[in-house]
Amino acid sequence: MLGWSPEMFWKATAADFEMTVEGLSGNVRGGPFISREEVRRIAAEHGVRPSLKGSPNARTIGGGLWI
């Protein structure tokens with residue numbers, strides 16, 4: 001229903017997906033996926049952690065997800 005190729009689907013972020021679904025449904029909120037205030041709150045709550053990209057065991061799946 002999205003009209004995306006498999007490659008496009010796997011490279012999409014959660015924000016990409018949400019905006020696409022909103023647009024297709026006609027229910028566009030127009031606001032950001034997550035506010036800067038929410039990002040600050042989450043960062044303060046969980047602290048700084050090393051990036052998964054720096055792990056020697058990290059690999060990508062679908063071209064955009066790190067595990």
Side-chain angles (χ1 to χ4, degrees):
M1 289 184 63
L2 297 177
W4 290 359
S5 67
E7 180 182 9
M8 183 182 289
F9 175 82
W10 289 112
K11 286 184 177 182
T13 65
D16 296 331
F17 184 77
E18 182 177 15
M19 288 187 291
T20 301
V21 170
E22 286 178 359
L24 290 172
S25 70
N27 185 20
V28 179
R29 291 185 304 176
F33 179 69
I34 184 170
S35 70
R36 291 180 186 265
E37 184 59 36
E38 185 70 4
V39 170
R40 285 186 197 102
R41 186 193 64 74
I42 292 169
E45 184 176 322
H46 296 283
V48 176
R49 297 186 180 176
S51 170
L52 290 176
K53 293 179 180 181
S55 170
N57 298 323
R59 60 188 174 92
T60 59
I61 57 173
L65 299 175
W66 288 88
I67 61 170

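Each residue takes its place number in the sequence, starting with 1.
One hydrophobic cluster, built from ILVMFWY side chains closer than 4.5 Å, holds both Leu2 and Met8. A single hydrophobic cluster is seen to contain both Trp10 and Val21, as judged by linkage of ILVMFWY side chains at heavy-atom distances under 4.5 Å, directly or through other members. At a threshold of 4.5 Å between side-chain heavy atoms, the hydrophobic network of Ile, Leu, Val, Met, Phe, Trp and Tyr places Phe9 and Leu24 in one connected group.
Between Trp4 and Phe17, the ring-plane angle classifies as perpendicular under the 30° and 60° cut-offs.
Listed by chain and residue number, Asn27 satisfy the side-chain contact (heavy atoms from CB on, under 4.5 Å) test with Ser25 (two or more places apart in sequence, or in another chain). Every residue was checked against the side chain to side chain donor-acceptor pair (under 3.5 Å) condition with Glu37, not counting sequence neighbours, and none meets it.
With rounding to the nearest 0.5 Å, the separation of CZ in Arg41 from NE2 in His46 is 7.0 Å.
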